Amino acid sequence: MAEAITPRSTDYSQWYLDVIKSAKLADYSPVRGCMIIRPNGYALWENMKEALDVMFKETGHENAYFPIFIPQSFLAREADHVEGFAKECAVVTHSRLKLDDEKGLIADPDSKLEENLVVRPTSETIIWDTYSRWIQSWRDLPILINQWANVVRWEMRTRLFLRTMEFLWQEGHTAHATEQEAIDETLTILDVYTKFAEEYMAVPVLKGVKTASERFAGAVETYCIEALMQDGKALQAGTSHFLGQNFAKAFNCQFQNANNELEYVWATSWGVSTRLIGALIMVHSDDAGLILPPRLAPTQVGLVPIYRTDEEKETVLSAAKEIQQELRAAGIRIHIDARDGFRPGWKFAEYEVQGVPVRLALGPRDVQNGTVEIARRDSGEKSSAPREGLAARMTDILEQVQQGLFDKALAHREANTTSVDTYDDFKAVLDDKGGFVLMHWDGTTETEAKIKEETKATIRCIPLEGYGDETGTDPVSGEPSKGRVVFARAY
RNA sequence: CGGGGUGUAGCGCAGCCCGGUUAGCGCAUCUGCUUUGGGAGCAGAGGGUCGCAGGUUCGAAUCCUGCCACCCCGACCA
């Protein structure tokens with residue numbers, strides 16, 4: 001019998017952990033807060049990575065790799081940056097171990113480093129140190145670099161995928177000659193992220209700008225995409241920062257412009273991480289386990305062959321292989337579970353908890369009738385279909401599933417986006433149904449902090465489009481407001 | 001850092017309050033037979049420094065002291 005998955009209604013966060021465990025996405029490690037990404041989880045990450053990588057390259061970026069170790073002094077160069085990250089850095093102080101008679105294995109005191117090294121929590125500092133050597137002229141600009149890497153942030157409280165001490169991500173770091181060009185870059189990437197979230201992950205997102213208190217440490221402006229989870233909590237799914245000239249000044253990175261003047265370089269940085277896997281899980285999955293959008297699912301179609309005798313096995317498997325060839329030719333990722341010793345019911349259940357979008361069952365009866373059983377993971381619908389034209393049918397179904405997941409998530413977000421005009425309504429909505437709450441805000445950090453203190457809701461973003469056009473009054477302070485902003489309790 | 005919980009076979013747990021046969025159960029594993037269209041059945045087998053270190057006792061998984069680790073909930077953050 002399989003491990004039972006706690007229903008969402010009983011305990012949402014336990015459900016989330018159960019889904020991960022039963023889908024074999026990740027495992028705990030011996031070190032607190034660190035995560036072993038299992039093959040199922042990693043295959044998912046690889047697909048996400050691949051799709052994003054194509055989009056980055058289409059928008060003119062190239063990949064590079066900077067080292068994991070950063071001289072400790074680099075972190076101190078940008079004032080806001082150090083304040084934001086100092087409290088969560090892993091620091092390397094020694095270069096070797098030695099066996100001590102009393103204490104066992106210890107860091108060898110003789111190997112203490114001249115300067116401590118910090119395991120990167122993000123790479124702005126080492127990259128801007130590098131850029132300062134690469135950039136002299138306006139002809140050296142722009143630099144549009146992305147890197148796929150791991151980073152470490154010593155978090156107090158962790159949660160698989162959503163917040164782990166080490167996580168995988170991509171971080172883009174670009175250098176520009178003008179402010180406008182850097183801002184354009186920031187917004188280009190925000191669009192890439194939006195497209196990826198909506199078209200690949202089937203997760204609708206709100207585009208917006210962070211308030212000063214939620215801004216990235218060292219940024220002038222932080223743009224973000226925010227998604228809504230099934231339990232009504234928000235999740236920041238990606239950020240794109242306009243860094244102004246902050247890092248260029250901190251690392252003395254100047255260039256000579258066409259008028260023969262020295263100017264500081266304009267910068268951006270942007271990233272999405274394995275946290276997106278957490279979003280994917282929380283947005284689509286149900287009480288039976290994981291549900292994956294077809295465009296990212298490592299296996300899009302799982303085929304379960306059914307047979308009793310060796311003879312049946314031979315017929316069924318050869319028919320299964322024909323189907324496999326046919327679907328592969330149509331660009332579908334199909335997997336045949338031909339393992340002996342596992343019964344069909346077992347395999348059905350396994351594909352189900354692992355979120356495989358469509359399952360086919362093929363037995364002697366089907367082979368004889370020229371049919372195959374099709375079961376959709378999203379709706380649970382089962383039907384028998386002719387083998388004839390199966391590839392086209394499957395392509396169609398996969399598209400329907402992809403679109404269906406997005407539509408459902410969008411409907412959920414819309415049903416859980418509420419506009420309020422009084423602080424009492426605001427609190428009531430947060431407690432009763434959660435979700436995104438649109439309310440006027442006077443633009444001050446004080447009001448924002450007061451609301452956070454009293455309700456645990458934060459301003460997820462000042463939306464770029466769709467909401468917030470009308471002016472009004474902040475119901476908390478009574479001061480005028482330029483528009484509605486998006487509040488929510490968040491992960 | 002505060003609150004709660006857990007640590008006994010690969011995994012999940014019982015046993016502990018009230019110390020005493022050979023530490024038990026489910027799943028998994030191995031062997032055999034029967035099975036196979038929604039997580040199979042029967043029979044047999046293997047697998048344990050009871051988190052670590054002290055202490056009490058004739059005797060400790062169980063009582064006492066100290067330590068460690070991990071998980072969950074909060075504060076901080078992507």
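All values reported here derive from a predicted model rather than from experimental measurement. Protein chains get the first letters and strands the later ones, always in sequence-line order, with residue 1 at the start of each.
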Checklist entry - Can you tell which of A75(B), G38(B), A78(B) lies closest to the side chain of Lys456(A)? => result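 The answer is A75(B), which lies nearest to the side chain.
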Gap between atoms [atom1] and [atom2], on [X] and [N] respectively (whole Å):
X         : N      : atom1 : atom2 : value
Leu362(A) : G38(B) : CG    : P     : 15 Å
Lys210(A) : C77(B) : NZ    : C1'   : 11 Å
Lys21(A)  : C71(B) : NZ    : C1'   : 12 Å
His81(A)  : C77(B) : NE2   : C1'   : 14 Å

Checklist entry - Does Gly238(A) or Gln14(A) map to a spot on RNA chain B nearer the 5' end, using the closest nucleotide for each? => result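 Checking each residue's closest nucleotide, the 5'-ward one belongs to Gln14(A).
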Next on the checklist: If you assign each of Phe167(A) and Leu160(A) to its closest nucleotide in RNA chain B, which residue comes earlier from the 5' end?
Outcome noted: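 The answer here is Leu160(A).
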Is the phosphate of [N] approached by [X] (side-chain N or O, under 4.0 Å from OP1 or OP2)?
X         : N      : answer
Arg343(A) : G37(B) : yes
Arg159(A) : C73(B) : yes
Arg365(A) : G37(B) : no
Thr122(A) : A78(B) : no
Tyr28(A)  : G7(B)  : no
Arg308(A) : U36(B) : yes

Under 4.0 angstrom, heavy atoms only, what part of the nucleic acid is [X] near: base, sugar-phosphate, or nothing?
X         : value
Leu17(A)  : sugar-phosphate
Gln236(A) : sugar-phosphate
Thr239(A) : nothing
Gly33(A)  : sugar-phosphate

Checklist entry - If you draw the axis of the six-membered ring of Trp148(A), does the NZ or CZ of Lys49(A) fall within 45° of it and under 6.0 Å from the ring centre? => result yes
Next on the checklist: For the residue pair Lys347(A) and Phe342(A), would you count it as a cation-pi contact if the rule is NZ or CZ under 6.0 angstrom from the ring centre and within 45 degrees of the ring axis?
Outcome noted: no
Next on the checklist: Taking C16(B) as the reference, what is the distance to C27(B) when you measure between their P atoms (whole Å, please)?
Outcome noted: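 Per the computed distance, 23 Å lies between those P atoms.
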Next on the checklist: Give me the distance, rounded to whole Å, that separates C70(B) from U31(B) when you measure between the C1' atoms they each carry.
Outcome noted: 37 Å
Checklist entry - Does any donor-acceptor pair link the side chain of Glu352(A) with the base of G38(B) at a separation under 3.5 Å? => result yes
Next on the checklist: Does Arg359(A) contact G38(B) through a side-chain donor or acceptor facing the base, at a distance under 3.5 Å?
Outcome noted: yes
Item to check | Parallel, tilted or perpendicular: rings of Trp169(A) and Phe167(A) (30°, 60°) | outcome: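 Perpendicular: the ring planes of Phe167(A) and Trp169(A) meet at over 60°.
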Item to check | Any donor-acceptor N or O pair under 3.5 Å, side chains Ser213(A), Glu448(A) | outcome: yes
Item to check | Ile332(A) vs Leu398(A) side-chain heavy atoms within contact, under 4.5 Å | outcome: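 When only atoms from C-beta onward are counted, Leu398(A) and Ile332(A) do touch, with a gap below 4.5 Å.
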Item to check | Electrostatic pair Glu373(A):Arg359(A) at N-O distance under 4.0 angstrom | outcome: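 Salt bridge flag = yes for Arg359(A) with Glu373(A).
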